[in-house]
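Letters A, B, ... mirror the listed sequences (proteins, then strands); counts begin at 1.
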There are 2 protein chains.
Amino acid sequence: MPMTLSVAREQTQRPSMTHFVQPTGISASDESPASTSLGFHLRQLQPFSTRQHFDRNETIFLEGEPAKRVYRVISGMVRVCRHAPNGARHIADFVLPGELIGFGEFAEHPYSAEAVTPATLTAYTRTSFERLTSSTPAVRAQLVSLLTRTLLATQQQLFVLGCQTAKQRLASFLLRLADRTDVTAGERLDLAMGRLDIADHLGMTIETVCRAIAALRDARVLTVPNSHQLILNDLRALRALSTAQ
Amino acid sequence: MPMTLSVAREQTQRPSMTHFVQPTGISASDESPASTSLGFHLRQLQPFSTRQHFDRNETIFLEGEPAKRVYRVISGMVRVCRHAPNGARHIADFVLPGELIGFGEFAEHPYSAEAVTPATLTAYTRTSFERLTSSTPAVRAQLVSLLTRTLLATQQQLFVLGCQTAKQRLASFLLRLADRTDVTAGERLDLAMGRLDIADHLGMTIETVCRAIAALRDARVLTVPNSHQLILNDLRALRALSTAQ
DNA sequence: CGACCCCTTGACATGCATCAAAGGGAGTGG
DNA sequence: CCACTCCCTTTGATGCATGTCAAGGGGTCG
């Protein structure tokens, strides 16, 4: 269902001085420490970078395409996903502003990337990215750190899919999203992605996602102002769910 | 259930010349190209290495322990797993001879490691391992490569757990195991791990694993000489299963 | 030979998928 | 500004795959 691949390129050429490295993996949870570092170094790559805008559901790159660029999300949300032959879709992760896409070391993208919302990204050529990562030891260490954190997040998701029920998966998902977007109890948590996206990320159907949300709502664990915003009232209950069994 | 942590150390001190680096991740699919490289470089670390033997079900290290060593499996099989508070267990991956454990960049092991069979491992101090990885650019690149491959394997498993049915999961598992152990159609595939291990790895119950094996056996896709060996008769059917849906 | 452990199979229960239909919300055209 | 349409969400009814509970089988070790 995801769409065409259009590109609006704005050459943002500025001679900077250092390389800013970020791994081209699936979804780089580019948190404070490493994100800061990598983001900082990536600035050096501005002369080799391009700013691109994508509409909702637009394809950024397709699985199997040569991995010629590393992307950094500036605004909006991106999903990293794979389409099975039979039409099934698996969303490996959602990518938030500041995080990197495609920083892994592979010749062809193992996953597709699509815009969940209208999104702006900075694209760095892989050549310059690799030059940056191989130049400075500190930058290389940050790449390793980012890869490690991405691996840990992926393994955590593996545990979620392997051991948890529908409600528990939803709780885990919401807690991680709230954590990544710095939303706490009582505040509005933005669900930029649709129910189907959540379902394909958690290995459930859209109906089950709806029912799980309804169940948590009925249990007063969360409030649903509208379908794209949630208020997490009871973080303890959510944590109990995501931790337990 | 997994056991105590005993250690039989045989100091294997030999002054080698180069550092042999391997990432301390969950399970390092240390395939030919990178494995060769990393294995080669790790030889340099022999002066800082220890050979240890573990009995079946013995704990090599526990989740949460400080990650002071990087291990390389010499013989036997190891499982990398996590124990949930309620007793549930999740096996992130099995580690085969030649592969590394604990090569990720973290202060504490995010997972436990336990011997599936009696196993011999070489332990390298993290200090020397990191010295090796930071010294040579080539070695560092191999670490990045290993991390990337581990990440890809983990994401593949994520897809398996997120989108596939019991029979499909089993097919995917068997194909990967056969591939990693260089077993082809008609040959005996060794299942060193028990049914429960497979179940905890695939997010199923032991009964469902048994039934899935029985179903494939009844469909003549595989033969079951005994419970610890399989013969994959019809790779096409297995591939169709693991690919489809 | 006996005990233990793991595997296997059966019977039943249930969580989730599937099928179906109705209820918003946003954008478009009248 | 309202009405229509489309898309997504929500809820209900039903079925199935897998989990759960239970019992028996086979191999291995002492």
The side chain of A:Glu207 lies closest to which of these nucleotides: C:dT18, C:dC7, C:dC16?
-> C:dT18

Okay, side chain of A:Gln168, backbone of A:Thr165: is any donor-acceptor separation there less than 3.5 Å?
-> yes

d(CZ, B:Arg195; P, D:dG25) in whole Å = 19 Å

Quick check: does any side chain N or O of B:Thr117 sit under 3.5 Å from a backbone N or O of B:Met77, one acting as donor and the other as acceptor?
-> yes

Please state how far atom NE2 in A:His228 lies from atom P in C:dG24, giving the value in whole angstrom units.
-> 16 Å

Look only at the side chain of B:Arg82 and the backbone of B:Ser112, and say whether a donor-acceptor pair between them is shorter than 3.5 Å.
-> no

Does the C:dG15 base have a donor-acceptor partner in the side chain of A:Arg211 within less than 3.5 Å?
-> no

Qualifying salt bridge (Lys or Arg N to Asp or Glu O under 4.0 Å) pairs with a residue from residues 199-208 of chain A, counting only residues at least two apart or across chains | A:Arg89-A:Asp200

Residue closer to the 5' end of DNA chain C, B:Ile213 versus A:Pro225 (nearest nucleotide) = B:Ile213

B:Asp55 CG - D:dC29 P separation (whole Å) | 14 Å

If you check the A:Met204 side chain, which of C:dT8, C:dA17, D:dT18 turns out closest?
-> C:dA17

Nearest whole angstrom, please: distance from the P of C:dA17 to the CG of A:Leu196.
-> 12 Å

Between the side chains of B:Asn57 and B:Arg79, does any donor sit under 3.5 Å from an acceptor?
-> yes

Does OP1 or OP2 of C:dC16 have a side-chain N or O of A:Thr208 closer than 4.0 Å?
-> no

Please determine if a side-chain N or O atom of B:Arg56 lies less than 4.0 Å away from the OP1 or OP2 oxygen of C:dC6.
-> yes

Could you check how far CD of B:Gln229 sits from P of D:dG27, rounded to whole Å?
-> 14 Å

Between B:Arg217 and C:dT9, is there a side-chain N or O to OP1/OP2 distance below 4.0 Å?
-> yes

Checking C:dC16, D:dG19, C:dT9 against the side chain of B:Thr205 (C-beta onward), the nearest is D:dG19

A:Val209 vs B:Ser227, nearer the 5' end of DNA chain C by closest nucleotide = B:Ser227

Between A:Ile206 (CD1) and C:dG24 (C1'), how many Å, whole number?
-> 14 Å

When rounded to whole Å, the CG to P distance for the pair A:Leu170 and C:dG15 reads 17 Å

In whole angstroms, the gap separating P of C:dC6 from CG of B:Leu191 amounts to 16 Å

